[in-house]
Amino acid sequence: MPHDLPKAYDPTAIEDHWAEYWVREKLFAQPAPTPGAQDQPPLGDTFVILLPPPNVTGRLHMGHMLNQTEMDILTRWRRMSGRRALWLPGTDHAGIATQMMVERQLTEEGKTRQQLGREAFVERVWEWKRHYGGAILEQMKRLGASVDWDREYFTMDERLSVSVREAFVRLYHQGLVYRGVYIVNWCPRCQTAISDLEVVYDEHKGHLWEIRYPVLGAVGKDTGEFLTVATTRPETMLGDTAVAIHPEDERYRHLHGRKLRLPLMNREIPIILDEWVSREFGTGAVKVTPAHDPNDFALGERHHLPQINVMDETAHINAAGGKYAGLDRFVARKEIIQDLEERKLLAGIKDHIHNVGHCDRCKTVVEPRLSTQWFIKIQPLADKAIAAVKPDVNGNKAIRFTPEMYEKTYLNWMENIHDWCISRQLWWGHRIPAWHCAKCHKITVPQPNTKEDPKSCAHCGSGELTQETDVLDTWFSSGLLPVSVFGWPNIIPDTKTSGNRTSPGAPGLDSETGEGHHGTNLGAPGLASETWEGAKDRADFDAFYPTSLLVTGFDILFFWVARMIMFGCWFSTDIPMPDGSPRPLAESVPFREVYIHALVRDANREKMSKTKGNVIDPIEIVKKYGTDAVRFTLASMASPGTDIAFNVARTEGYRAFANKIWNAARFIFMNVDKAAEVGIKVDPTAFGSMPTAYADDPLEARWIVAELHATAAKVNGSLENYRFDDAANTIYQFFWGSFCDWYIEIVKLHLDFGAISDDLVYKATRRALATLIQVFEAALRMLSPFMPFLTEELWHAVYDGSPPPKSVALTSYPQDEIYSNDAEVQSIGVILSRHTYESPAIEMSIVQNVITALRAQRKEMGVPERDSVRALLYFNQNGSHVASTLRTNSNKKLCEALAKVELSFSYESPQPSTKFRSEVGYDVEVIYERTIDVTAERERLTKDIAKYEKGLAAAERQLDNEGFLSKAPAQVVEGLKKQAAETRTLLEKARAALEALPKN
RNA sequence: GGGCGGUUAGCUCAGCUGGUUAGAGCGCCUGCCUUACAAGCAGGAGGUCGCAGGUUCGAACCCUGCACUGCCCACCA
C-alpha cells in the first residue's frame, strides 16, 4: 500500500528506482517518424533540444547539472504542454582531452603512443572510451534527465563521421578549405596546432630584454654602433631575419638601408622600414622573426624575408639554432641572455607585464609556430551566420538570444572572425579526408556524396596516395551536430547529382537573405513518403530540424554555438522544405533560440576550480540532499544573466520543501484512508485536469483553486521567458505558503469523518476531500519538471499505484483556465472573478489578515498557544468590506478556529485604556489578563507613529501637488487618497493609545 | 586598448515597459513537540536601493558623471 509513507522524506529510497524506470520504460523516446505517416501530435508542435555533448572524458560538474536541470525542466514542461518533445543526448570525442588521458595511461605503463603506432593507439583510445566513456551519461541518467536514450550518439560514430567527411569535402570543393604554411598557435605539450579560441591569455609578470644588435658598415664590418631592440622572447632571436623600424623615426633615419649583425648567430640581417612599428614602444626597433610570431610573419610576407624555424614541435631549439640546438626554449632563453650579457650586448632588462598565451587544455605556454595547416575560409559562412541573428527587414530574427546581450557579443565576434585552423596533429579524431600524391605532390579530395576513398591521384593518375595524417578540430564535428544527428547528408535522394555543381562560396551568394544559389536539388513534394535509402532519415530531419532551442554556457558561445550556426545555415540551405519549397534562412538555422545560462560559482562567488579546491561535486550534494532539492536550488537561482552562487543552505531549504510536500501527501493519504473507512471514495477519473470550484464551495476551496490557476498562469509565463527562478519561487510560494499554510489548515475543519451520518456533512466532506486531492494532484504535475523524483513517487501513490499514464511526466501541465478567460468562467457559473470583493482572493486575504492580527495580538498579550480566549473585533469607517466578509458565519468560524478565539463584533471604538491592535478597517482586542510592558508598548507605538507620520506626510505632499492630481492616472490618485485616509486613522489610534499608557 | 554587465536587508538574490508605505529564501530574535511535517508551526526585528547631479507631478527603475567590482574581446615586440 503506497499510502504507508515514512514520516520524513528520504530521497535515496526512491530516486534510483525512478531513474531506472524512466530509462527502462523508454518514456522519453521519440523515434523517427515513419515516412509518409500522419503522426500525432502534428509535426509542427515539436520541441527539440540537443544536449551540449559533454566530453567522453568528462565528469559531471555543477555547470552540467545546471545546464541539464534547465533543459530537463523545459523539456518536461513542453512535453507536458502537448509538444512532441525530443531531447537528444550524446558525447563528444574531445580530441586533445581524450588523447591526453590515454597517453597518461600509457606513460604509467612506461610506453608512448609512438611506440604503439597510430592504429594501435587509436584502438586503445576506443577501448578506453568503451570502458569509461559512458560515465557522464550514466550520471545524467541518475539525475533523471528526460532524454531519448535510443538516440544517444558519439561524435566519432560511423554515422556522424560520414557527415564530417561530407562537410569537409563540400567545403573543399566549394573553395573554402585551403592548406598552407602559416603561423599558428602551437602547443608543444600536445604537439599540435590549436585555434585562436583554444589559447587562453594570462597576465604574466615578465621582462622586456633590450638587446644591442651591431650595425654594419658598407663593407660588412662593425661600425661600433648598435641598434637596440626590445623583446619578451629573446630565444626567438636565433630566427631573426630583420629588424624593423618606423620609416619616420628620426632617431634611426641614418640607419635606413643598413644591415645588422645578428648576435650569437653571426648572420647579416637587414633593417627594414614599416609603419606598423610603434615608435613609442620599447626602443622603437623590433626584431623580426617571421617563423615565430604572427606579426613578424606578416611583416616578413610584406618584405619578402626568409623564415627560419628554430624550434621543433616540442619547442626545443632545432639544428637551425646553432649551439643552442636541443635546448628547451626556456633553457635556451637563459643561456642566450647569459651569452649576450657576456658579450655586453644586453642593454637592459625591464619588468614587463604582458599577456602570455596558454593551451586551453594543458596550460602549457603556446609557441607561435610556422607549420602547414588546413584552414576554412570563414567569411562566407560568417556572413550567413550574421544574417541569421540580425533582424531582417521585418524585424524578425531567425535566431533569438536570451539574454539578449549575447547577441551583441556574438555579432561582434562574428564580424571580426579569422579563418579557422581546423587541422590538429593528433591521432584521435576524424582524419582529414584528403590524399597526398607521392608523384605530383598534389592533393586529392573525394567528390561530394562519395563513400569510397580515392584510388588514384585526381591530377596525375598515380596510385601512390596516402591519406593526410592530421585530424580535424573536435569542434568541426560538434559544429555539425544539428544536421548530422538527423541524418545529413544522407537525406537527399539521388545525391550523386548534387554537391559540387555550384559553389555557394562563389560570388553571387546573397547572404542577406540567406538564399544561396546552390539549390541544385529541390526535391519533389512528398519526398518523405518515397522509399529510398535515406527516407527514414529524411523524415526525421523534416520533423526535427531546425531544433527549437540551445541551452548552454557562454564559455562555448564561439567554440560551439557560433560554429553550429555557420555550419547549420551553410549545409542545410540546399535541403528543400518538406513541401518541396526552397528552405529560407529562418528554417536553415540549427536552432531558433539560444538560452545562455550563467556560471555556477561557490557560495562566496568564487569560480569553482580544482586548484582552489572549492569544487562542489553535484553527485555528493545529490546524495546528501536528494536530486530534487539540488535541481530546485539551481532552478530557483537561475535568473538569466546572473551567475549562481551555489549555497548549500539553499539546498537545505529545498530539501525541507521536498519534505513538506511529502508530508502534505501523508496528510492527504491519511484522510483518504479515513474516508475509505466510512465509505467515501474519490473518483480518480476527475484528476489530471484543472480543478474547478463552485459558488457554494467553501471559501478555502474557491480560493485555492483560483490560486492554482493563477500560479499555473505565472509559472507558464515564467518558463516561456526562461525565468526558472520566478517559476520555482512561484510554485514554492503556492505549495508552502498557500496550499499547506492556509488551505490544508482550513480544510481540516471540513474533513469531518465523525459526523458522517449527517447528509450535509457527508457531502461537504466528500467534496472537500475531492478538491484537496485534485489540487494536490495538479500541484504535483506543476512541480514535476522541477522535482521529477518526488512528484513521480507521490503521483503514483495518488493513483494508488495504478495511474492512467505510466508517469506524471506524460500527463498534461496545469494551465490557467480562469484568469485567461473571465467570461467563460462566469458562464459556467464559477465564482472566481478577481474584480469584486466576492473574489476568493480578496475575501481570503481579509480572513487571513484578521487571523494574523488576532494571532499577533494573542502573542503580544502573552496568551499561551493552547488557550482559547475571547476577542473583540471593532469595525471602523474604512472597514465595510471587512465587516461584510466577517459577518458571513463560515468566515467568522474560520477566524475563530485558526486564531483560537471566540469572536464578538462591535461597531464602537475600543476604549483607549485597553490594549488593542489597529489594522486597516478594524481593531482587534484580545481579552486576557496580563501586566502590560509599558516600556515595550511605548517603544512599539512610537515606532508605529513615526512610520505612519512619514507615510502620511509623503502621501499628503503628493496629494497637495497640482501636477500629480492632474497628470497621474485616476486609480493611482484614488489609491493614494484611500491609503492616506487609512494611515491617518491608524496614526490617530496609535497616538491615542500612546496617550493612554500610564506615564512613568 | 575596446566592449558588456553588476552594485537593493547580515548572506544569496527578485523587483516586468517610472505609480500608493521596496519583496523572497536563508540567517537572526521570541514563543510553541497543536495527532501531515521540529527538515515543523506561530509572531517579529532588519534596507536613506554604491555616490553626486539631472529629467519628471512622481525615480531602485530613465539621463550624465564618479567610485568599486566582474566578464569578454584585442597581433603591440
Side-chain angles (χ1 to χ4, degrees), chain A residues 5 7-9 183 201 208 229-233 236 244 276-278 280-283 285-289 293-298 352 354-355 368 403 405-406 408-409 412-413 416 554-555 557-558 599 603-605 625 636-637 639 641-647 649-650 652-671 717 721 723 725-726 729 732-733 737 740-741 744-745 748 852 855-860 862 864-866 900 947-948 950-952 954-955 957-958 961-969 971-980 983:
Chain A
L5 302 179
K7 196 169 169 180
Y9 173 51
I183 289 276
Y201 290 92
L208 199 55
V229 300
T231 179
T232 55
R233 294 188 297 151
T236 61
W276 170 81
V277 178
S278 155
E280 293 75 39
F281 190 90
T283 59
V286 190
K287 58 190 271 317
V288 183
T289 324
D293 184 278
N295 289 310
D296 296 5
F297 178 79
H352 181 59
H354 61 132
N355 287 329
M405 62 159 176
Y406 285 109
K408 265 191 212 161
T409 312
N412 187 37
W413 185 77
N416 296 294
F554 60 83
D555 50 330
L557 180 61
F558 306 135
L599 211 64
N604 303 317
R605 318 208 97 264
Y625 299 99
S636 71
M637 302 192 76
S639 175
T642 315
D643 281 350
I644 293 176
F646 192 91
N647 195 337
R650 281 287 280 258
E652 272 173 38
Y654 293 123
R655 176 181 60 179
F657 180 47
N659 192 51
K660 188 79 182 172
I661 298 163
W662 182 260
N663 278 288
R666 286 181 63 223
F667 169 78
I668 290 164
F669 297 146
M670 184 185 87
N671 281 287
N721 294 306
R723 290 306 302 261
D725 57 333
D726 275 351
N729 294 334
Y732 181 93
Q733 172 53 37
C740 292
D741 287 351
I744 284 188
E745 289 310 313
K748 281 175 182 172
T852 304
R855 282 171 177 168
Q857 189 63 5
R858 278 176 61 111
K859 192 104 166 178
E860 209 139 283
E865 305 245 346
R866 274 168 179 270
K900 278 215 177 98
K947 190 175 75 185
Y948 296 145
K950 198 178 150 205
L952 191 59
R957 205 178 316 121
Q958 280 213 71
N961 189 324
E962 277 303 320
F964 174 71
L965 295 175
S966 58
K967 289 185 187 171
Q971 87 222 26
V972 172
V973 177
E974 278 313 301
L976 191 60
K977 275 185 182 164
K978 202 175 134 200
Q979 179 215 314
T983 307

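Residue numbering restarts at 1 for every chain, and letters A, B, ... go by the order of the sequence lines. Keep in mind the model is a prediction, meaning the values are calculated, not measured. Note that these values count all heavy atoms, side chains included, but never hydrogens, waters or copies made by symmetry.
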Considering only heavy side-chain atoms of A:K408, the closest of B:G19, B:G5, B:C76 is B:G5

A:K287 near the nucleic acid: base, sugar-phosphate alone, or nothing, with a heavy-atom cut-off under 4.0 Å? nothing

A:D726 near the nucleic acid: base, sugar-phosphate alone, or nothing, with a heavy-atom cut-off under 4.0 Å? sugar-phosphate

Could you tell me how far apart A:Y201 (OH) and B:C73 (C1') are, to the nearest whole angstrom? 11 Å

What's the shortest heavy-atom distance between A:T232 and A:H354, and which atoms? CB-CE1, 3.7 Å

Whole angstrom value for the distance that separates P of B:C37 from OH of A:Y654: 24 Å

Would you indicate what A:P864 reaches in the nucleic acid, counting non-hydrogen atoms under 4.0 angstrom: base, sugar-phosphate, or nothing? nothing

Using a 3.5 Å distance criterion without hydrogens, assess whether the side chain of A:N721 forms a donor-acceptor pair with backbone atoms of A:R723. no

Determine the minimum heavy-atom distance between A:T983 and A:Y948, stating which atoms define it. CG2-O, 3.5 Å

Could you tell me whether A:W276 contacts a base, only the sugar-phosphate backbone, or nothing, with contacts defined as non-hydrogen atoms closer than 4.0 Å? base

By nearest atom, which of the nucleotides B:C4, B:U12, B:A36 is closest to the A:M405 side chain? B:C4

Side chain of A:Y732, heavy atoms from C-beta onward: which of B:C26, B:U12, B:A77 has the nearest atom to it? B:C26

Can you give one letter per nucleotide of nucleotides 39-47 of chain B, going 5' to 3': B for a protein heavy atom under 4.0 Å from the base, S for sugar-phosphate only, - for none? BSSBSSSS-

Applying a 4.0 Å non-hydrogen cut-off, can you work out what A:N961 is touching in the nucleic acid: base, sugar-phosphate, or nothing? sugar-phosphate

Measure the distance from CG on A:N647 to P on B:G25 and round it to the nearest whole Å. 16 Å

Smallest separation among heavy atoms of A:D725 and A:S639, with atom names: OD2-CB, 3.3 Å

Within the 4.0 Å heavy-atom criterion, would you say A:E745 contacts the bases, only the backbone, or no part of the nucleic acid? base

Given B:A74, B:G19, B:A77, identify the nucleotide with an atom nearest to the side chain of A:H354. B:A77

If we check side-chain contact (heavy atoms from CB on, under 4.5 Å) with A:Y9, which of these qualifies: A:N659, A:N663, A:I661? A:N659

Should B:U17 form a Watson-Crick or G-U wobble pair with both distances under 3.5 Å, which nucleotide is its partner? none

Complementary nucleotide of B:U12, counting Watson-Crick and G-U pairs under 3.5 Å: B:A24

The side chain of A:R723 is closest to which nucleotide in this list: B:C57, B:G15, B:U12? B:G15

Could you tell me how far apart A:D725 (CG) and B:G23 (C1') are, to the nearest whole angstrom? 13 Å

Does B:C66 pair with anything, Watson-Crick or G-U wobble, both distances under 3.5 Å, and if so, with which nucleotide? B:G50

Tell me which nucleotide among B:A36, B:C57, B:A77 gets nearest to the side chain of A:F964. B:C57

Go through the steps for A:R233 and A:D293 under the test side-chain contact (heavy atoms from CB on, under 4.5 Å), then give the verdict. CA-CA 10 Å; A:R233 294 188 297 151; A:D293 184 278; 3.5 Å; yes

Could you state the CG-P distance from A:N412 to B:G3, rounded to the nearest angstrom? 10 Å

CD1 on A:I668 to CD1 on A:I744, rounded to 0.5 Å: 5.0 Å

Counting the atoms with a prime plus P, OP1 and OP2 as sugar-phosphate, which does A:A968 contact under 4.0 Å by heavy atoms, base, sugar-phosphate, or nothing? base

If pairing requires Watson-Crick or G-U wobble contacts with both distances under 3.5 Å, which nucleotide is the partner of B:C41? B:G31

From NZ of A:K748 across to P of B:U34 the rounded distance in Å is 12 Å

Which part of the nucleic acid does A:T231 contact within heavy-atom distance under 4.0 Å: base, sugar-phosphate only, or nothing? sugar-phosphate

Please classify the nucleic acid contact of A:T289 as base, sugar-phosphate, or nothing, using heavy-atom distances under 4.0 Å. nothing

Ignoring hydrogens and angles, state whether a donor on the side chain of A:Y732 or A:S636 is under 3.5 Å from an acceptor on the partner side chain. no

Partner of B:C76 by Watson-Crick or G-U wobble geometry, both contacts under 3.5 Å, or none? none

So what does A:G975 touch, heavy atoms closer than 4.0 Å: a base, only the sugar-phosphate, or nothing? base

Please work out if A:R650 contacts a base, only the sugar-phosphate, or nothing of the nucleic acid, heavy-atom cut-off 4.0 Å. base

What is the nucleic acid contact for A:L952, judged by heavy atoms within less than 4.0 Å: base, sugar-phosphate only, or nothing? nothing

